[in-house]
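First up is the structure itself, then whatever we jot down about it.
Ligands are counted one by one from 1 in listed order, and the atoms in each one are counted from 1 as well.
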Amino acid sequence: MKFSIVVACVAVFGCSLPAGAEDGYDLWLRYRAVEASFNRSLELSLQELVKSAGSPTLDAAGAELLRGLAQLTGRTIPLVGSPSGAGAVVFGTPASSPLIAGLPLSLERAGREGYVIRSLHINQQPAIVIAANSDIGVLYGSFHLLRLIQTRQPLIALDIVSQPRTQIRVLNHWDNLDRHVERGYAGQSIWDWHKLPSYLDPRYTDYARACASLGINGAVLTNVNANATSLTPAYLQKAAALADVFRPYGVRVYLTARFSAPIELGGLKTADPLDPQVRAWWKAKAGEVYARIPDFGGFLVKANSEGQPGPQDYRRTHADGANMLADAVAPHGGVVIWRAFVYSNESPDDRAKQAYNEFVPLDGRFADNVLVQVKNGAIDFQPREPFHPLFGAMPKTPLMMEFQITKEYLGFATHLAYLGTLFEEALDSDTMVKGKGSTVAKVVDGELHGYRMTGMAGVSNIGADRNWTGSHFDQANWYAFGRLAWDPGLSAQAIAQEWVRMTFSNDPAFVEPVVTMMMRSREAVVDYMMPLGLHHLFDTGHHYGPGPWVNNLNRADWNPTYYHRADTNGLGFDRGPGGSNAVAQYHPKVATQFADIRKTPEQFLLWFHHVPWDHRTSSGRILWDELVHRYTHGVEVVSQMRRSWAGLGQYVDAGRFAQVNAFLAIQEQEAQWWRDACIAYFQTFSKRPLPAGFAAPAHPLEYYQALKFPYAPGR
Ligand code: BDP
């Protein structure tokens with residue numbers, strides 16, 4: 001028995017694992033056999049698969065359906081040319097299938113990339129149709145049908161219409177050409193540049209499948225801190241090989257453009273965006289890229305930020321730089337995604353204000369094929385930040401959302417932190433710019449300002465680790481990003497439910513406690529790292545562990561002391577009118593709320609105010625006691641998560657169960673470390689005792705200050 005299962009596994013999945021052993025490679029595309037009773041309910045609906053005229057994308061849809069349905073039901077579902085009776089699953093477009101062209105599907109509802117899934121009758125026989133206006137829509141719909149089965153939803157009376165609310169749904173890989181991943185915690189880069197283009201790792205196809213299953217339609221292959229070598233002919237050939245693999249799955253390749261490339265590669269004396277030779281160089285380069293990759297997405301650019309070259313080196317603006325590149329790719333249909341993550345060494349102004357100050361005056365001055373990509377908050381992917389004031393402030397410039405999926409500031413791969421809640425919180429934030437309900441989601445999806453293009457980017461957490469993301473639970477963050485890029489209105493909870501069911505088990509006794517863990521997890525990280533609006537307390541460079549005491553870095557705004565401003569009076573950054581007045585960058589309705597210590601949501605208290613240690617918080621406790629309480633609570637939640645997981649072994653394969661167990665133990669220890677180090681440090685300012693019943697830090701402050709991590713990953 002065991003032998004035959006192994007054989008089937010090899011034959012169907014191309015894998016060589018013993019049955020039952022799992023390593024997370026399958027992600028949420030884990031098509032394990034459904035329970036017998038549910039399987040019986042599927043039988044009449046899934047008798048045969050009716051194919052359309054082929055295209056690589058429709059073939060991919062067919063292959064996924066064949067593979068998925070066979071594994072889920074344990075039956076081989078034949079692929080046929082036309083329905084022969086009840087239970088046909090028909091997939092295709094009106095162009096690829098006359099059968100679909102003749103059905104009343106109202107496909108205009110599906111738009112360019114969306115799909116319709118319907119139960120209906122063909123020749124008086126019940127059937128299911130997955131139809132779209134484009135081949136890629138059919139692939140997306142196929143994944144949706146499989147998801148219904150994976151999450152045990154009955155296939156009756158289906159009437160599903162879905163289309164993406166943003167156009168560019170892209171992963172940003174911060175991957176270097178030497179395979180080091182900046183802020184990557186899942187091993188080396190999956191792009192094996194040295195072996196490309198000759199060797200195409202099967203992983204590239206599985207990557208594209210996983211992206212397509214969520215509707216992700218772009219991948220920026222290279223780091224924002226770009227190396228111009230990626231634009232040389234040899235590397236373009238490698239990128240083209242990846243583009244060929246991704247194409248059937250609708251994933252377009254993008255590259256980062258190092259602004260000084262005309263000097264480094266072209267031998268020019270300048271990279272001035274208004275210089276005719278520079279402009280000609282980029283035009284020629286774009287032509288060369290498109291000759292190899294006809295559907296190349298475009299360039300992502302980090303310029304004049306953290307030491308990167310850019311147009312300001314030549315006294316030109318960000319718009320001058322972006323428009324020059326936009327001009328080069330426009331004839332080929334490409335876009336330029338220009339990042340708003342800028343802050344200047346020279347500027348004495350609050351770092352949180354700088355992107356707004358630089359970009360708002362440029363609103364309306366970007367070319368039609370430029371998008372500006374804005375991080376969710378104004379500092380840098382902290383465990384919690386208020387929404388970036390740029391959202392809502394640039395009505396004439398398409399703003400893309402940039403989320404960080406990799407957990408640079410949320411405990412790397414070992415801490416369980418489900419980011420669906422972070423993404424949701426940012427998207428649901430109300431900018432108020434067009435009255436109540438002017439959410440960041442409506443800015444990003446174009447509804448508020450009628451943007452000509454829309455998009456969402458996620459800084460990838462993917463690496464060469466067998467489980468892709470360095471930990472099993474971090475897969476959920478890739479998943480949540482993709483689902484929210486498709487539909488920013490989805491709830492983090494519903495996404496977590498789906499993911500748990502597809503990735504682990506549908507047993508309610510498992511799903512319920514695990515979703516609860518996930519939903520509490522990010523808040524726990526906020527509490528044990530930097531509660532109440534504290535931010536950037538990380539130790540230097542690696543961002544692993546606490547360093548609130550660090551104050552010796554060259555740039556003031558790289559020091560944690562710059563952000564928390566602890567003194568004997570209190571704690572926090574005054575961003576109100578008496579301080580940096582960053583609040584004034586928000587709509588007046590939001591600004592008055594954030595400027596008033598009594599109206600500021602407590603989760604942002606120390607972000608916007610320097611608060612006396614004896615200030616009464618909403619719990620009735622004074623600030624110092626509340627701080628200790630929150631730090632301690634964060635650790636307690638991790639302990640609860642750990643206990644909760646420990647009781648779920650019967651529902652999970654041994655390998656994944658053990659790894660999660662071990663990681664939760666690490667997280668518990670490190671949460672305690674964060675709490676103790678921060679309390680020990682802040683106590684030197686508050687000069688108050690810990691509230692009764694709260695344990696003192698395990699070590700003196702000097703112990704925490706002496707800890708060093710020279711080889712922490714991801715730097
Ligand atoms: C910061 C990272 C740094 C990135 C930078 C960016 O620490 O590695 O290069 O963001 O977004 O969070 O450009």
If the plane angle is over 60° it's perpendicular, under 30° parallel, otherwise tilted; pick one for His543 and His536.
perpendicular
Heavy-atom nearest neighbour in the protein, as seen from atom 10 (O) of ligand 1, with distance rounded to 0.1 Å
Lys375 NZ, 3.1 Å
Between Lys302 and ligand 1, does any nitrogen or oxygen pair lie at a separation below 3.5 Å?
yes
Per side-chain hydrogen bond (donor to acceptor under 3.5 Å, both in side chains), Tyr528 is matched among Gln667, Gln672, Glu668 by Gln667
Of all the atoms in ligand 1, which lie at a distance below 4.0 Å from a heavy atom belonging to His543?
7 (O)
For ligand 1, which atoms have a heavy atom of Asp380 less than 4.0 angstrom away?
1 (C), 10 (O), 12 (O)
Would you mind listing which atoms of ligand 1 come within a distance below 4.0 Å of any non-hydrogen atom of Glu306?
4 (C), 5 (C), 9 (O), 13 (O)
Lys/Arg cation over aromatic Trp607: Arg384, 6.0 Å, 45° cone:
no
So, are Arg630 and Glu602 salt-bridged, with charged N and O less than 4.0 Å apart?
yes
Which pairs would a plain distance check flag for residues 364-372, meaning a side-chain donor or acceptor within less than 3.5 Å of a matching protein atom at least two apart in sequence or in another chain?
{"from": "Asn369", "atom 1": "ND2", "to": "Ala326", "atom 2": "O", "distance (Å)": "3.0"}
{"from": "Asn369", "atom 1": "ND2", "to": "Gly334", "atom 2": "O", "distance (Å)": "3.1"}

Checking a contact table here: which protein heavy atom is nearest atom 8 (O) of ligand 1, and how many Å away?
Glu182 OE2, 2.4 Å
Between Tyr185 and Phe412, what is the ring plane arrangement, given parallel below 30°, perpendicular above 60°, and tilted in between?
parallel
Do any nitrogen or oxygen atoms of Arg339 come within less than 3.5 Å of a nitrogen or oxygen of ligand 1?
yes
Among Asp175, Asp178, Thr222, Asn223, whose side-chain hydrogen bond (donor to acceptor under 3.5 Å, both in side chains) with Ser189 holds?
Asp175
For Arg183, counting its heavy atoms only, list the atoms of ligand 1 lying under 4.0 Å from any of them.
2 (C), 3 (C), 7 (O), 8 (O)
Element-labelled atoms of ligand 1 that are located less than 4.0 Å from some non-hydrogen atom of Glu408:
1 (C), 2 (C), 7 (O), 12 (O)
Is the contact between Asn225 and ligand 1 made by the side chain, the backbone, both, or neither, using heavy atoms and a 4.0 Å cut-off?
side chain
